[in-house]
Amino acid sequence: MINFLIFLVVLFGIILLVQLVRIYELVTVLRGGAKDDEISRSDNKLNANLMLLFLFVFIGGFFYQIYAYKDLMLPISASEHGVDVDQLWDFNMILLSIVFIGTHILLFVFAFKYYFRKEKKAFYFTHSNKLEFIWTIIPAIVLAVIIIYGLMTWNKITGPAPEDALTIEVYGKQFDWTVRYPGDDGALGKSNYRLIEGTNDLGLDVKDENAWDDKLVKNEFHIPVNRAVNMVIRSRDVIHSVYLPHFRVQMNAVPGMSTQFHFIPTITTAQMKEQTKNPEFDYILLCAKICGAAHYNMQMTLIVDTEEDYQKWLASQTVFMPQSEPTAQIAE
């Protein structure tokens, strides 16, 4: 209701302003000034002043929005490469803001300063190689810096995972995630979509011994802090997207192929609870693709533990198929 009243106030304010301008024009005509369809010098001067006023309001609104919505930006980075991503983002935003503010100041100051006057004539300027060279070479250098900086950051992030990285599989389907950990053998078993059935949701190859001790978890998964985690990502049905906003991780899950992303978490969940002063804080895995009507439900809690706590949690998880009775497990 309050928003509706604000809308009415703004609407009536605009109508009132238009009517006042119209009255001002009619009064000018009655006093023997410019004709109704003629733009007078005072009109141009008024427009010039409004241009300058709009500049201050516009720039002020720009900075106000930065201040008012700063809390809606991504939270503090909790991964090693996330710091680099944030620095790259800040660099681009600062650069774009400088260009944005500079061009608008020039635009509106010129409109204010050089408004139409009959006694003034515009300077006839045809061409300048020097000026054209300057406004070509400067943007080219700036763009080259942005691209090189971005490529350096991207190559650093997407390089091969360390050999001692913990490899886990993140499996997406409408509308949930399943995470698979390797067992004591340290290797994930083979999988094939043709093997998907009621008791084998991920299509694991039960003939592959590496798959027997794999551990499948839902709703909540854990990873150790300060250790590289290599996520192998698969999708069962449509394109999903693994999104871990606190770690600056996003990678598509594509049916029929595996994608992967590795990162090093640097802040445990317990430490983040203290930093944010929020005892209810949890990291979260989201789907960043509009994958269906219940897409918003595709979430999974992520706990970052110390190495010791992680090993305890992993040891408490059940294996996919005990090696002593593989056939019986599958039959269940």
Discussion item. Please find the pair of heavy atoms, one from Gln174 and one from Gly292, that lie closest to each other, and give the distance.
Written reply: NE2-CA, 4.1 Å
Practice prompt. Please round to the nearest 0.5 Å and tell me the distance separating atom OG1 of Thr268 and atom CD of Gln275.
Written response: 9.0 Å
Worksheet item: Would you say Val85 and Ser77 make side-chain contact, with heavy atoms under 4.5 Å?
Response: no
Worksheet, complete the sentence: Between the CG atom in Asn155 and the OG1 atom in Thr158, the distance rounded to the nearest 0.5 Å is 5.5 Å
Fill in: Asp84/Arg248 salt bridge by N-O under 4.0 Å criterion
no
Worksheet item: Can we say Glu80 and Lys156 salt-bridge, meaning some charged N sits less than 4.0 Å from an Asp/Glu carboxylate O?
Response: no
Item to complete: Please work out whether the ring planes of Phe108 and His104 are parallel, tilted or perpendicular, with thresholds of 30° and 60°.
Response: parallel
Discussion item. Does any part of the side chain of Tyr310, heavy atoms only, come nearer than 4.5 Å to the side chain of Ile303, both counted from C-beta?
Written reply: no
Worksheet entry | Atom pair CD1/CG of Ile138 and Leu143 - distance to nearest 0.5 Å | 12.0 Å
Worksheet entry | Lys120 NZ/CZ over Phe116 ring centroid, <6.0 Å and within 45° of normal | no
Discussion item. Please report the interatomic distance CD1(Ile196) to NZ(Lys173), rounded to the nearest 0.5 Å.
Written reply: 9.5 Å
Worksheet entry | Nearest atoms (heavy-atom pairs only) where Gln299 meets Ile284 | OE1-CD1, 3.2 Å
Discussion item. If you apply the rule ring-ring contact (aromatic ring centres under 6.0 Å, His included), what do you find for Tyr69 with Tyr67, and how did you get there?
Written reply: CA-CA 6 Å; Tyr69 298 109; Tyr67 172 77; over 10 Å; no
Worksheet entry | Tyr193 OH to Leu202 CG distance, which is reported to the nearest 0.5 Å | 15.5 Å
Practice prompt. May I ask you to test the Gln87-Tyr149 pair for a side-chain heavy-atom distance under 4.5 Å?
Written response: yes
Worksheet entry | Close aromatic pair by centroid cut-off 6.0 Å: Phe123 and Tyr114 | no
